[in-house]
Amino acid sequence: MMAAPHSLEEMKFMADLARQKDSKYSVWIACNDIKVEGNWTCDGQEGSKPFMAWGPGQPHNTDNIQDCAAIAAKCNDSMNDARCSKSREAVCIRQAVCTPRLTQPRQYCFSSNTPIPMLNSTCLLDHVIREFITEGVTACGSTCIKEPGCRSFNIKNGDGKKLCQLNNSTSSKDKDKFQTIADFCIYLEECIG
């Protein structure tokens with residue numbers, strides 16, 4: 001599944017991935033204005049204003065054919081619009097192998113240029129021991145590591161803020177409560193080595 005950043009921190013991380021390939025590289029992200037020109041949507045951010053951090057003069061829709069968004073590592077880690085038919089790699093989310101300590105069941109990776117898919121929002125439900133507003137994945141994960149009984153966490157978007165939910169179980173222990181939901185949600189877990 002193609003990924004779309006939800007913050008400057010995530011966008012910088014994606015640009016760093018591109019930079020590992022080439023300092024002038026840019027990669028597709030799951031944002032476009034194909035349906036309505038100028039109305040940008042990003043997979044996984046439905047129902048809220050998408051995170052967009054355009055570079056200077058972007059988006060400019062040159063020749064009225066630039067409807068897909070990319071992150072350009074060469075342009076101060078910012079977004080630009082481009083022709084969707086242009087061949088380039090994309091930043092995607094994939095299932096990761098669980099290793100000791102805090103690990104994402106999903107991780108960012110490169111994938112070949114493919115049609116833009118929908119990003120699933122899955123989280124562990126009904127296991128929240130504590131929740132709070134957070135700056136992002138790092139802050140939420142650090143709190144989970146320090147919290148007795150925390151085995152996983154969800155990060156949800158709500159009212160324009162990120163909500164960290166610390167859970168007392170994992171998706172593998174309570175599979176029926178690990179569900180796709182309508183709102184954007186990312187699930188991460190701490191694996192016992």
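A heavy-atom distance below 4.5 Å is found between the side chains of Lys86 and Trp28. Counting heavy atoms from C-beta on, the side chains of Arg88 and Ser26 come closer than 4.5 Å. With a 4.5 Å cut-off on side-chain heavy atoms, Pro5 and Met14 count as touching. Put simply, the side chain of Met79 reaches to within 4.5 Å of the side chain of Ile29, judged on heavy atoms. By the 4.5 Å heavy-atom criterion applied to side chains, Phe51 and Leu8 are counted as neighbours.
Formation of a donor-acceptor pair under 3.5 Å by the Asp81 side chain with backbone atoms of Asn61 is found in this model. With hydrogens and angles disregarded, a donor-acceptor distance shorter than 3.5 Å links the side chain of Gln179 to the backbone of Asp176. Checking side-chain atoms of Gln58 against main-chain N and O of Trp54 turns up no donor-acceptor pair under 3.5 Å. Between the side chain of Trp40 and the backbone N or O of Cys68 there is no donor-acceptor pair closer than 3.5 Å. Glu147 places no side-chain N or O within donor-acceptor distance of the main-chain N or O of Thr143, the cut-off being under 3.5 Å.
Rounding to the nearest 0.5 angstrom, the gap separating the CG atom in Asn168 from the NZ atom in Lys173 is 10.5 Å. Between the CG atom in Asp174 and the CG atom in Asp126 there is a gap of 8.5 Å [rounded to 0.5 Å]. Put simply, SG on Cys150 and CZ on Arg130 are 9.0 Å apart, with the number rounded to the nearest 0.5 Å. Here Gln66 contributes atom CD and Ser85 contributes atom OG; the two are 10.0 Å apart, rounded to the nearest 0.5 Å. To the nearest 0.5 Å, atoms OG (Ser169) and NZ (Lys177) are separated by 11.0 Å. For the atom pair CG (Leu166) and NZ (Lys146), the distance works out to 12.0 Å, reported to the nearest 0.5 Å.
Nearest approach of Pro148 to Ile129, heavy atoms of both residues: O-CD1, 4.2 Å.
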Stepwise side-chain contact (heavy atoms from CB on, under 4.5 Å) check, Val91 with Ile71: CA-CA 9 Å; Val91 177; Ile71 292 178; 5.8 Å; no

Test log, rule disulfide (SG to SG under 2.5 Å), inputs Cys31 and Cys42: CA-CA 4 Å; Cys31 300; Cys42 298; 2.1 Å; yes

Candidate pair Asp67 and Arg83, rule side-chain contact (heavy atoms from CB on, under 4.5 Å), full reasoning: CA-CA 6 Å; Asp67 293 318; Arg83 286 186 344 258; over 6 Å; no

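Cluster annotation: Ile155 is not connected to Val128 through the hydrophobic network of ILVMFWY side chains, with a link wherever side-chain heavy atoms come within less than 4.5 Å. Linking Ile, Leu, Val, Met, Phe, Trp and Tyr residues whenever their side-chain heavy atoms come within less than 4.5 Å leaves Leu163 and Phe153 in two separate clusters.
Look at Lys162 and Glu135 and you find no salt bridge, because none of the NZ, NE, NH1 or NH2 atoms lies under 4.0 Å from a carboxylate O.
Atom CG of Asp63 has 12 or fewer heavy atoms from other residues, nucleotides or ligands within 6.0 Å.
Side-chain atoms of Ser152 and Asn167 include a donor-acceptor pair closer than 3.5 Å.
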